[in-house]
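For reference, the structure discussed in these notes is given below.
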Amino acid sequence: MRGVSAMATVLCVILLIVLPDASVGHVAGGAARGPSPADPDVNLSLPALTVSPSSWWMVGGSSLSLNATWSDVPPGCELSPVWYRWATGGPRPVGTLDADTAPTANFTAATSASGTNTVTVVGAANVACGPLGATVVRSAGANVTVDALLILRNLTLGPNPIPRDGITNLTGSAAGGVAPYQLRIDWGDGNVSSEDLSTAGGFSVPHRYFDGTYVPTVVLTDSSGLATSAVAPEAVAVGDGPEVAIAPSTLEAEVGLPVTFDVTVVDPPMSWSSAYNCGSTGNSSAEEPGSHLSFTCTFATPGATNVSVRVLGIGSTQPIAASAVLRELIVAPLSVAVVPSGTAEAGGVAAVRATVSGGVPPFRIAWQIAGNASSQSVLLPADGVDLLPVWPVGPGAEAVSVEAVDGLGVPTTNDSARLTVADPVSASAVAGRSNATELDVSGGVNDGLGPFDWAVATDILCAPPPTAPGTLSTTGGFAWTCRPSREGPVALTVVVVDSAGHVWHANETETLAPPLALVASVVPGPAGFVRANVSLTGGLPPFSIWINASSGSAWSASGVPDGTVSWVVPIAGRGPVVLGLTAVDALGFSVDANFTPILTPSASTPGAAGVGPVWELVGSLGAVGGLTLVLWRWRGRRSKSPPAPGPDPDAVLRRIIEPSDGVDRATVELLAEEEGVSLEVARSTVDRWIANGTVRAGRGSDGEEILAWSSP
């Protein structure tokens with residue numbers, strides 16, 4: 001039977017079904033008709049992006065490999081990464097990030113900086129679920145904590161030499177690492193002592209020695225477990241006879257700069273001479289009478305050398321009264337090289353990488369942006385790489401000047417880095433509908449540091465898959481389209497990431513069509529019939545509707561507009577009959593429901609004499625997959641009063657045909673017969689109306705004769 005539209009009748013029960021994601025159901029005993037689109041109900045919030053390790057502690061100067069990994073892909077789907085973009089941030093940069101669009105990035109810590117940086121990655125990936133697809137965009141991060149190298153420097157002994165049972169002090173300095181520290185000193189005479197240092201800085205530890213020559217060794221350990229060690233550059237001489245010691249003005253010498261060494265002689269001979277030697281790269285002297293209380297060395301090449309002095313007793317049977325050797329470190333002249341680290345945006349933080357080499361620590365580094373009266377400075381305990389933060393205020397090319405002064409007061413000439421500063425990343429995006437079936441986004445990148453990665457993420461799948469994410473080498477436009485796999489509101493997120501890892505995003509909500517909804521009811525019809533009324537809202541018309549009965553019968557209608565559609569459905573017998581309903585709109589989205597009318601005779605109702613058939617309809621919402629309506633028919637006991645006059649056949653037939661745009665003739669005749677009009681009268685009346693044009697007659701999809709009222 002072909003479906004028809006009609007005015008809404010009085011409904012016994014009306015239940016609303018909104019099942020935009022349900023697939024078409026099948027009815028027991030009959031084959032359901034209509035399309036079966038792929039199930040679009042995929043949870044796109046499942047895919048996750050993580051960075052491993054998620055947190056890490058490292059020492060200055062070391063490197064860390066970070067890996068981005070996708071997980072939790074929805075069942076039955078495949079995920080394909082498209083691009084990644086890494087960035088590092090914090091109040092002060094403590095490392096540089098070597099990254100591109102790969103899932104792996106290397107973080108290298110500065111040697112003399114301490115702090116924590118958050119390394120983030122933004123990734124876009126395509127999710128394919130059969131013929132459907134979508135794009136997901138996620139971000140993840142890792143906290144990387146850097147501690148500067150642990151440094152133990154400037155070990156000296158003084159006084160040196162000392163008499164037997166004398167006291168000398170071991171001095172030095174601790175820096176880097178994580179305070180507090182612990183010193184372990186092996187004095188070389190069999191004694192070991194420990195000292196606690198609450199902060200970085202200098203220390204001095206006394207020790208009493210007896211006769212002999214000793215070289216102390218020191219181990220410095222910080223609270224994180226890092227350790228470093230150093231050996232005193234000169235032995236301490238202890239005794240009652242002639243003893244000699246060398247005290248340098250600096251334990252580290254710089255190539256080309258003179259260094260003064262003081263000589264101390266305890267209990268010298270009555271008459272003596274001395275000689276000193278500046279090692280393989282410095283000057284030296286021959287033996288000379290008298291006492292040399294100091295001498296000067298100038299070194300030509302970097303490295304380490306032994307500086308020595310000896311005292312000779314004149315006229316003594318012992319040719320050498322005493323001698324001392326000092327290990328001197330010679331370094332190259334101080335230099336500093338500066339380069340921009342990464343990229344810079346106005347209003348953000350950028351870094352200039354300063355590499356200090358040569359010179360004698362500690363180093364005072366000062367830097368400023370050209371034209372800015374204020375400057376910043378930092379004290380570095382050792383040479384190496386440090387990151388100098390700057391905060392550019394506007395776009396353009398900024399010159400950052402850097403000056404370094406070492407521990408000997410030797411400055412470098414100013415060096416500078418050219419820092420290119422761009423406006424913060426900005427973009428625009430407009431979402432809309434290109435036609436009745438597609439969503440689109442027209443976007444563009446306006447400012448920032450290229451190249452730029454872009455993507456449009458949705459909370460639903462598209463059929464076919466949407467435009468894939470892309471990359472722009474410079475500012476410019478991009479476009480995206482999607483045919484949503486369901487109706488109703490669609491959440492869109494437009495994301496643009498620049499080469500510095502800075503993110504711009506915008507959220508949009510667009511509705512392609514309201515969700516297809518179905519309001520259905522079953523009302524009593526003639527004996528052996530029920531009337532199914534279906535009202536469609538939302539979706540995109542025209543609609544196609546299928547009804548299948550478990551008895552094997554099936555009815556369909558296509559090209560139905562939104563509104564109410566009514567069927568008179570024959571029910572064979574009195575047992576349960578399942579009616580399966582499916583409605584599909586022009587976009588292919590569907591809802592479905594199941595009806596189970598049950599016809600059962602009842603006992604008579606007391607006092608109901610003369611009352612005709614009584615109908616009671618009980619409805620209940622079924623499980624996922626549709627609606628179940630249970631229909632009970634009650635027949636009252638008839639009175640013995642005389643029968644009423646027969647019905648007017650014209651009025652009965654007009655009431656049946658007129659509200660419909662097209663109804664099966666056999667159904668009209670059955671309904672008229674149920675109301676007391678004989679089959680012969682009904683047929684003759686219909687034939688008369690067809691002949692005079694009151695009723696139009698035609699053929700349905702199954703060859704049945706269809707009637708429609710045409711006269712005013």
Side-chain angles (χ1 to χ4, degrees), residues 151-163 166-173 185-189 202-207 209 211-218 229-239 241-268 272-288 290-312 320-332 358-361 406-408:
I151 298 170
L152 177 63
R153 286 188 176 276
N154 301 325
L155 293 182
T156 60
L157 289 163
N160 183 21
I162 57 174
I167 295 177
T168 187
N169 291 284
L170 177 67
T171 62
S173 63
I185 305 173
D186 184 342
W187 295 100
D189 61 354
F203 59 86
S204 179
V205 182
H207 184 68
Y209 276 111
D211 191 39
T213 301
Y214 306 99
V215 180
T217 299
V218 181
S229 63
V231 178
E234 181 189 18
V236 59
V238 184
E243 300 291 348
V244 178
I246 306 171
S249 57
T250 174
L251 289 170
E252 294 185 28
E254 191 170 326
V255 169
L257 297 180
V259 179
T260 299
F261 296 87
D262 293 327
V263 179
T264 301
V265 182
V266 177
D267 296 331
W272 57 284
S273 64
S274 65
Y276 65 89
N277 188 303
C278 293
S280 58
T281 66
N283 54 315
S284 60
S285 72
E287 295 181 10
E288 298 181 10
S291 59
H292 283 277
L293 299 180
S294 66
F295 61 93
T296 300
C297 293
T298 302
F299 303 97
T301 59
T305 189
N306 290 329
V307 175
S308 62
V309 64
R310 61 180 178 175
V311 173
L312 301 173
I320 300 177
S323 64
V325 178
L326 177 72
R327 189 70 171 172
E328 185 76 3
L329 178 65
I330 303 101
V331 297
V360 175
D406 72 0
L408 299 179

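This structure is a prediction, so every number in the text was calculated from the model and none was measured.
The CG atom of L312 sits 9.5 Å away from atom OG of S323, with the distance rounded to the nearest 0.5 Å. L170 CG to N160 CG: the interatomic distance, rounded to the nearest 0.5 Å, is 11.0 Å. Between atom CZ of residue F299 and atom CG of residue L329 there is a gap of 10.0 Å, rounded to the nearest 0.5 Å. Going from atom OH of Y214 over to atom CD1 of I162 covers 9.5 Å, rounded to the nearest 0.5 Å. Between the CZ atom in F203 and the CG atom in N169 there is a gap of 11.5 Å [rounded to 0.5 Å]. Interatomic distance, T301 OG1 to I330 CD1, rounded to the nearest 0.5 Å: 7.0 Å.
Counting only heavy atoms from C-beta outward, the side chains of P161 and V244 never approach each other to under 4.5 Å. Counting heavy atoms from C-beta on, the side chains of V236 and H207 never come closer than 4.5 Å. Between E328 and C278, the closest side-chain pair of non-hydrogen atoms is not below 4.5 Å. Counting heavy atoms from C-beta outward, V331 and V360 have side chains that approach closer than 4.5 Å. No side-chain heavy atom of V307 sits less than 4.5 Å from a side-chain heavy atom of P248.
Between L157 and P216, the shortest heavy-atom distance links the atoms CD1-CD, 3.6 Å. Scanning all heavy atoms of the two residues, the minimum distance from N154 to S173 falls at ND2-OG, 3.7 Å. Between A332 and P302, the shortest heavy-atom distance links the atoms N-CB, 3.9 Å.
In terms of modelled atom types and a separation under 3.5 Å, the side chain of Y209 and the main chain of W187 share a donor-acceptor contact. T168 contributes a side-chain N or O that, together with a main-chain N or O of P159, makes up a donor-acceptor pair within less than 3.5 Å. A donor-acceptor pair under 3.5 Å is formed between the side chain of E234 and the backbone N or O of I246.
For N306, the side-chain contact (heavy atoms from CB on, under 4.5 Å) test picks out V325, R327, with sequence neighbours left out. By the side chain to side chain donor-acceptor pair (under 3.5 Å) test, T171 pairs with T156, sequence neighbours left out.
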Quick one: side chains of residues 254-265, donor-acceptor pairs under 3.5 Å with protein atoms, not counting sequence neighbours, listed by atom name and distance.
from: E254; atom 1: OE2; to: L334; atom 2: N; distance (Å): 3.4

